[in-house]
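Following: one structure in structure tokens, then a few remarks.
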Amino acid sequence: MILRSFVLLYFCSILSGQTCADVAIQGEKIAAIGDLKNAKAARGYDATGKYVVPGAIDVHTHMEDGLSDPKRRDAVAYLTQGVTTVVAGNCGGSPLDFAKTLGGWRTEGIGLNAALLVGHGSVRRAVLGVAQRPPTPEELQKMKGLVEQAMKDGAIGLSTGLFYSPGNFAKTDEVVELAKVAARYKGFYASHVRDESNYSVGVMNAVKEALDIGKQAGLTVEVSHLKALGPDVWGSGPKLTAMIEEARRNGQRVYADQYPYVASGTGLEAAVYPRGAKREDFESLREQVERNIARRGGPKSLVLVAFRAHPEWAGKSLEQIANETGRKPVDVVKQVLDGGGAGVVSFNMSDADVEHIMKQPWVMTASDGTLHTFGQGVPHPRSYGTYTRKLRNYVLDRQVITMPQAIRAASGLPAEMLRLTDRGLLKEGYYADVVVFDPATIREKATFTEPHQYSEGVELVLVNGKAAVEGSRPSGGLFGKVLTHP
Ligand SMILES: [Zn+2]
């Protein structure tokens with residue numbers, strides 16, 4: 001196939017490089033780039049006036065279950081954003097049987113290329129349950145064994161969710177020991193840091209801990225969804241990026257990822273209930289819960305995703321539910337936690353911090369999303385619109401960053417962090433993960449109230465040379481490969 005006469009962005013060397021050229025694809029690979037008017041091809045694709053870019057590499061997802069599910073593994077919500085590769089198993093949560101999980105992806109097929117991190121939280125839970133103590137030497141040995149087996153079977157690195165239970169119960173040295181195992185297999189370290197706000201150690205110390213772990217274990221650090229969470233720490237963006245800049249100047253390999261929204265998505269319990277506290281102690285913890293609600297911007301800033309006992313509350317804020325039912329927000333929290341808990345969309349970031357972080361040349365675009373069952377619940381819209389929103393809102397409409405910066409943050413930069421030498425760029429010999437989009441129409445449609453809507457404007461998506469989306473329609477093909485550590 002030859003893609004003819006389009007605007008081609010080159011990211012190999014110069015950020016602002018932009019040119020017109022043709023791209024020839026043979027089998028799974030890019031065969032040639034240049035003026036190919038006279039070349040013969042079985043078929044051509046007219047991309048006049050469109051952008052042709054490398055497929056996006058989403059380094060921060062939670063798709064590990066979705067990719068194993070026959071109903072979701074085609075990953076249409078991501079392909080329609082132009083994503084062709086993902087990393088799953090973030091924030092400390094992953095399957096532990098890598099041979100089985102990755103084997104299943106290989107034999108059953110997946111809609112895009114995927115790699116899987118081994119999650120520290122899952123490893124810790126398997127060995128220590130939810131015990132709030134350091135492991136014994138034997139337990140640590142067992143945990144290291146699980147990480148080692150995962151790495152041998154193809155894990156791409158180690159992830160932690162030190163904010164969550166049970167990751168939160170680990171001290172730094174425990175994580176260093178496990179990260180050393182991942183380092184031996186050239187894995188990297190991705191961390192949802194211990195505190196993105198001022199819950200405990202504070203966001204600065206939490207990011208510093210991630211840097212220290214990378215330094216001591218000798219591996220690449222990816223700070224997951226870098227942010228300053230909550231009004232108490234708004235304005236910390238420049239301090240955070242300065243600390244990472246300094247580590248980079250000192251030779252450390254450090255990156256961060258970010259989703260282009262001012263709201264995060266998590267569980268209500270994780271957001272407002274003290275870590276490790278028992279449910280029956282709620283009454284004595286009311287003030288702390290109220291403090292944590294305030295920390296996240298108040299009850300209007302926390303919107304329920306889905307609550308089994310009251311499906312009609314999905315999409316409503318704690319404030320709305322409290323007003324409608326004539327109670328205090330903290331009482332609504334109690335009812336939700338007693339009723340099995342619920343996901344929340346949490347509006348807790350400032351535009352200034354989001355934009356400052358986005359401009360850093362080492363910050364990758366990532367969704368932090370997952371493969372939802374279409375139409376179910378009111379989840380964060382990022383799983384449907386991260387990449388298209390960034391292009392529409394931050395590049396085309398508001399010019400916060402340039403188009404080449406945005407494309408690099410989505411493809412070349414994550415490929416560099418992952419040490420992929422055959423993806424992430426449009427280059428001869430590279431895998432043909434290629435996206436054609438129309439700058440006039442590209443946009444996200446998913447909103448916080450109606451998230452289950454595919455993005456618009458992505459016309460063609462090739463995964464390993466095969467059309468996963470053509471004429472803006474998903475083909476349903478499962479053309480992805482499993483990627484492992486280098
Ligand atoms: Zn996370």
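Just so we're clear, the structure is a prediction, and the values are computed from it rather than from any experiment.
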Inter-residue atom distance [X].[atom1] - [Y].[atom2], 0.5 Å rounding:
X	Y	atom1	atom2	result
L211	M243	CG	CE	6.0 Å
D74	I110	CG	CD1	11.5 Å
I407	Q405	CD1	CD	11.0 Å
T107	L102	OG1	CG	10.5 Å

Quick one, H380 with F448, criterion side chain to side chain contact (heavy atoms under 4.5 Å, CB included). Give me CA distance, side-chain angles, the key distance, then yes/no. CA-CA 6 Å; H380 196 296; F448 283 102; 3.9 Å; yes
Nearest heavy atoms of G218 and A183, plus distance in Å: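 That closest heavy-atom pairing would be O-CB, 3.8 Å.
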Shortest non-hydrogen contact between H120 and L158, atoms and distance: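 Distance-wise, the nearest heavy atoms are N-CD1, 4.1 Å.
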Residue pairs passing the ring-ring contact (aromatic ring centres under 6.0 Å, His included) test where at least one lies in [range], sequence neighbours excluded:
range	result
residues 326-346	none
residues 211-233	H60-H225, H192-H225
residues 262-290	Y273-F282

If we only count heavy atoms from C-beta on, is the [X] to [Y] side-chain gap below 4.5 Å?
X	Y	value
V461	F479	no
T80	P474	yes
Q258	V354	yes
L318	V333	yes
P260	T386	yes
T160	L178	no
S367	V86	no
V233	M204	no

Quick check: does any side chain N or O of [X] sit under 3.5 Å from a backbone N or O of [Y], one acting as donor and the other as acceptor?
X	Y	answer
N292	V272	yes
S94	G119	yes
R389	Y261	no
T101	F98	no
R72	T373	no

Looking at Y259, I'd like to know if the NZ or CZ of R382 sits under 6.0 Å from its six-membered ring centre while staying within 45 degrees of the ring's axis. yes
Under 6.0 Å from the ring centre and within 45 degrees of the ring axis: does the NZ or CZ of R248 meet both conditions for the six-membered ring of Y255? yes
Is E174 paired with K171 through a side-chain N to carboxylate O contact shorter than 4.0 Å? no
When Y384 is tested against each of Q453, E444, H452 for side-chain hydrogen bond (donor to acceptor under 3.5 Å, both in side chains), which residue passes?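 Only one option passes, and that is H452.
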Can a donor-acceptor pair be found between the side chains of [X] and [Y] at a distance below 3.5 Å?
X	Y	answer
S284	D281	no
S346	R296	yes
H62	N90	no
T370	S383	no

By salt bridge (Lys or Arg N to Asp or Glu O under 4.0 Å), which residues pair with R249, not counting sequence neighbours? none
Set of residues satisfying salt bridge (Lys or Arg N to Asp or Glu O under 4.0 Å) with respect to D351, sequence neighbours excluded: none
Side-chain donor-acceptor distances from residues 297-307 under 3.5 Å, at least two apart:
{"unit_1": "K300", "atom_1": "NZ", "unit_2": "G297", "atom_2": "O", "d": "3.3"}
{"unit_1": "S301", "atom_1": "OG", "unit_2": "G297", "atom_2": "O", "d": "2.8"}

Counting only heavy atoms from other residues, nucleotides and ligands, does the tally under 6.0 Å from [atom1] of [X] exceed 12?
X	atom1	value
E287	CD	no
R308	CZ	no
E450	CD	no

Selection residues 220-245 - residue pairs positive for salt bridge (Lys or Arg N to Asp or Glu O under 4.0 Å), sequence neighbours left out: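 Qualifying pairs, neighbours excluded: E196-K227, D232-R291.
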Taking only residues at least two apart or on different chains, which pairs with a member in residues 330-348 satisfy salt bridge (Lys or Arg N to Asp or Glu O under 4.0 Å)?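 Those involving residues 330-348 are R286-D331, K334-D338.
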Do T61 and Y78 pass the side chain to side chain donor-acceptor pair (under 3.5 Å) test, and can you show the C-alpha distance, the side-chain angles, and the key distance before you say yes or no? CA-CA 11 Å; T61 80; Y78 277 78; over 6 Å; no
Test of understanding: with ring-ring contact (aromatic ring centres under 6.0 Å, His included), list the residues that count as partners of H356, not counting sequence neighbours.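 H356 satisfies ring-ring contact (aromatic ring centres under 6.0 Å, His included) with no other residue.
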All ring-ring contact (aromatic ring centres under 6.0 Å, His included) counterparts of F437, not counting sequence neighbours: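 F437: ring-ring contact (aromatic ring centres under 6.0 Å, His included) contacts with Y51.
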Please tabulate, for side-chain N and O atoms in residues 142-149, each donor-acceptor pair with protein atoms closer than 3.5 Å (sequence neighbours left out).
{"unit_1": "E148", "atom_1": "OE1", "unit_2": "R184", "atom_2": "NH2", "d": "3.4"}
{"unit_1": "E148", "atom_1": "OE2", "unit_2": "Y185", "atom_2": "OH", "d": "2.4"}
{"unit_1": "Q149", "atom_1": "NE2", "unit_2": "D153", "atom_2": "OD2", "d": "3.2"}

Please step through salt bridge (Lys or Arg N to Asp or Glu O under 4.0 Å) for the pair E269 and R279, ending with a clear verdict. CA-CA 10 Å; E269 174 163 2; R279 192 60 41 71; 2.9 Å; yes
Could you go through V463 and L79, starting from their C-alpha distance and side-chain angles, then the distance that decides it, and tell me whether this counts as side chain to side chain contact (heavy atoms under 4.5 Å, CB included)? CA-CA 9 Å; V463 176; L79 291 169; 4.0 Å; yes
Among R125, R133, R124, whose salt bridge (charged side-chain N to carboxylate O under 4.0 Å, His left out) with E139 holds? R133
Just list the side-chain donor-acceptor pairs under 3.5 Å for residues 162-170, sequence neighbours left out, or say none.
{"unit_1": "Y164", "atom_1": "OH", "unit_2": "T266", "atom_2": "OG1", "d": "3.2"}
{"unit_1": "N168", "atom_1": "ND2", "unit_2": "L162", "atom_2": "O", "d": "2.8"}

Test log, rule side chain to side chain donor-acceptor pair (under 3.5 Å), inputs T172 and E209: CA-CA 7 Å; T172 307; E209 181 185 25; 2.6 Å; yes
Step by step, would you call L112 with L67 a side chain to side chain contact (heavy atoms under 4.5 Å, CB included)? CA-CA 9 Å; L112 30 62; L67 289 173; 4.2 Å; yes
Using the side chain to side chain donor-acceptor pair (under 3.5 Å) rule, take N348 and S264 through it: C-alpha gap first, then chi angles, then the decisive distance, then the call. CA-CA 7 Å; N348 58 44; S264 68; 3.0 Å; yes
